[in-house]
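Structure provided below as structure tokens; questions to follow.
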Amino acid sequence: MTLDSTMAELSQDTTIRKSVFLAVPRDRVWAFLTKSELLGKWFHPSDADLTVGEDYTLRSQKDGDRMCWGKVVEAHPHDYMKWDFTVGPMEGQMSTVEWELKDAPGGTRLTLTHSGLPKDVDGFGLVLALDKGWHGFLLNLHDMQ
């Protein structure tokens with residue numbers, strides 16, 4: 001692989017990567033990522049707890065409409081979880097959301113990686129909207145108790 005091809009590939013990378021430090025242990029963060037009653041406190045309400053191998057639906061806080069959905073592909077409690085993930089504007093095309101939890105001094109470092117997003121100009125508005133949304137949702141986690 002040449003430097004030019006590497007730079008071209010990087011310029012097309014629309015993967016969203018974000019990390020937050022949270023002043024709670026990993027098991028508490030894990031609960032907020034998987035328990036239906038806690039997902040709605042920072043993200044969207046869920047029809048059920050998120051469980052490996054199961055489909056999920058997250059709903060609007062306002063009207064209960066379906067906001068995002070997919071399947072929990074992999075889960076290693078308190079360490080890692082991987083979702084198939086889509087929203088209405090993706091017209092059924094799945095992307096991948098990965099959560100990684102690591103110990104940090106005094107709490108947890110939570111890292112989100114959202115990949116498989118559109119790589120063209122027409123899809124960039126969706127990437128921007130998802131990036132902004134994840135930023136706000138991750139900030140909400142600072143309020144968990």
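The residues of the chain are indexed from 1 along the displayed sequence. Below, each value reflects all heavy atoms present in this structure, side chains not excepted, and no hydrogens, waters or symmetry copies.
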Exam field: side chain Q61 to backbone G40, donor-acceptor pair closer than 3.5 Å: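 Confirmed, Q61 side chain pairs with G40 backbone.
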4.5 Å side-chain heavy-atom contact, T113 and V97: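 The answer is no; the side chains never approach within 4.5 Å.
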Any donor-acceptor N/O pair, W42 side chain to L138 backbone, under 3.5 Å: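 Checked: no pair found.
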Chi angles and distances behind the side chain to side chain contact (heavy atoms under 4.5 Å, CB included) call for L128, L130: CA-CA 6 Å; L128 290 173; L130 288 166; over 6 Å; no
Partner set under ring pair (Phe, Tyr, Trp, His ring centres under 6.0 Å) for H76, not counting sequence neighbours: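 Not a single residue meets the ring pair (Phe, Tyr, Trp, His ring centres under 6.0 Å) criterion with H76.
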Residues in side-chain contact (heavy atoms from CB on, under 4.5 Å) contact with H78, at least two apart in sequence or another chain: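 side-chain contact (heavy atoms from CB on, under 4.5 Å) check on H78 returns R26, D27, W30.
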Main-chain N/O of D103 paired with T108 side-chain donor or acceptor, under 3.5 Å: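 Flag not set: sc T108 to bb D103 has no pair under 3.5 Å.
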Cluster link V29 to Y80, ILVMFWY, side chain under 4.5 Å: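 Different hydrophobic clusters.
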Distance-minimising heavy-atom pair for T111 and S19: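 That would be OG1-OG, 2.7 Å.
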Qualifying salt bridge (charged side-chain N to carboxylate O under 4.0 Å, His left out) pairs with a residue from residues 14-25, counting only residues at least two apart or across chains: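 Listed by first then second residue: D13-R17, K18-D131.
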Same apolar cluster (I L V M F W Y, side chains within < 4.5 Å links), M94/V72: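 No, because M94 and V72 fall into different hydrophobic clusters, even though each may have its own neighbours under 4.5 Å.
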H142 atom NE2, over 12 foreign heavy atoms within 6.0 Å: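 Buried by this count: over 12 neighbours within 6.0 Å.
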Minimum-distance pair of heavy atoms, taken over all atoms of P45 and S60: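 For P45 versus S60, the nearest heavy atoms are CD-C, 4.4 Å.
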OG1-CG distance between T96 and D84, expressed to the nearest 0.5 angstrom: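 Here the interatomic distance stands at 6.0 Å.
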Pair F137 and H44, ring centroids less than 6.0 Å apart: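 They qualify: ring centres under 6.0 Å apart.
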Aromatic ring proximity, centroids under 6.0 angstrom, W99 and W134: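 Ring centres of W99 and W134 closer than 6.0 Å.
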All pairs passing ring pair (Phe, Tyr, Trp, His ring centres under 6.0 Å) where residues 49-69 contributes a residue, at least two apart: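 As it turns out, the ring pair (Phe, Tyr, Trp, His ring centres under 6.0 Å) pairs with a partner in residues 49-69, which skip direct neighbours, are Y56-W83.
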Side chains of S46 and S36, donor plus acceptor under 3.5 Å: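 No, because no side-chain N or O of S46 sits under 3.5 Å from a partner of the opposite role on S36.
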Gap separating the OG1 atom of T51 from the NZ atom of K71, nearest 0.5 angstrom: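 Rounded to the nearest 0.5 Å, the OG1-NZ separation comes out at 12.0 Å.
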N/O donor-acceptor pair under 3.5 Å between S95 side chain and L117 backbone: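 It does not hold such a pair.
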Contact summary for V52 and E74, nearest pair of heavy atoms: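 Smallest heavy-atom distance, with atoms named: CG2-CA, 3.7 Å.
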Sequence neighbours excluded, every pair satisfying salt bridge (charged side-chain N to carboxylate O under 4.0 Å, His left out) that has a member inside residues 37-51: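 Checked against salt bridge (charged side-chain N to carboxylate O under 4.0 Å, His left out) - neighbours excluded - the pairs reaching residues 37-51 are K35-D49, D47-R59.
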NZ/K132: more than 12 non-hydrogen atoms of other groups inside 6.0 Å: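 Atom NZ in K132 is not crowded, with 12 or fewer foreign heavy atoms closer than 6.0 Å.
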F124 with I16, same ILVMFWY side-chain cluster at under 4.5 Å: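 Same hydrophobic cluster.
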Within-4.5 Å side-chain heavy-atom neighbours: M90 and L126: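 Heavy-atom side-chain distance check passes, below 4.5 Å.
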Within-4.5 Å side-chain heavy-atom neighbours: C68 and F85: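 Yes, close enough: below the 4.5 Å cut-off.
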Nearest heavy-atom neighbours spanning V87 and M67: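 Smallest interatomic distance, heavy atoms only, reads CG1-O, 3.6 Å.
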Criterion side chain to side chain contact (heavy atoms under 4.5 Å, CB included) on L33 and L50, from CA distance to verdict: CA-CA 8 Å; L33 294 176; L50 274 57; over 6 Å; no
Close side-chain approach of D79 to L101, heavy-atom, < 4.5 Å: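 No, too far: nothing below the 4.5 Å cut-off.
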Members sharing V73's hydrophobic cluster (side chains within less than 4.5 Å):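 Joined to V73, directly or through intermediates: none.
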Gap between atom CD of E100 and atom CZ of R109 - 0.5 Å precision: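 Rounded to the nearest 0.5 Å, the CZ-CD separation comes to 8.5 Å.
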No-hydrogen, no-angle side-chain donor-acceptor test under 3.5 Å, H114 and T15: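 Looking only at side-chain atoms, T15 and H114 do not form any donor-acceptor pair under 3.5 Å.
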Closest contact, heavy atoms only, F32 versus L141: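 In terms of heavy atoms, the two residues are closest at CB-CD2, 4.1 Å.
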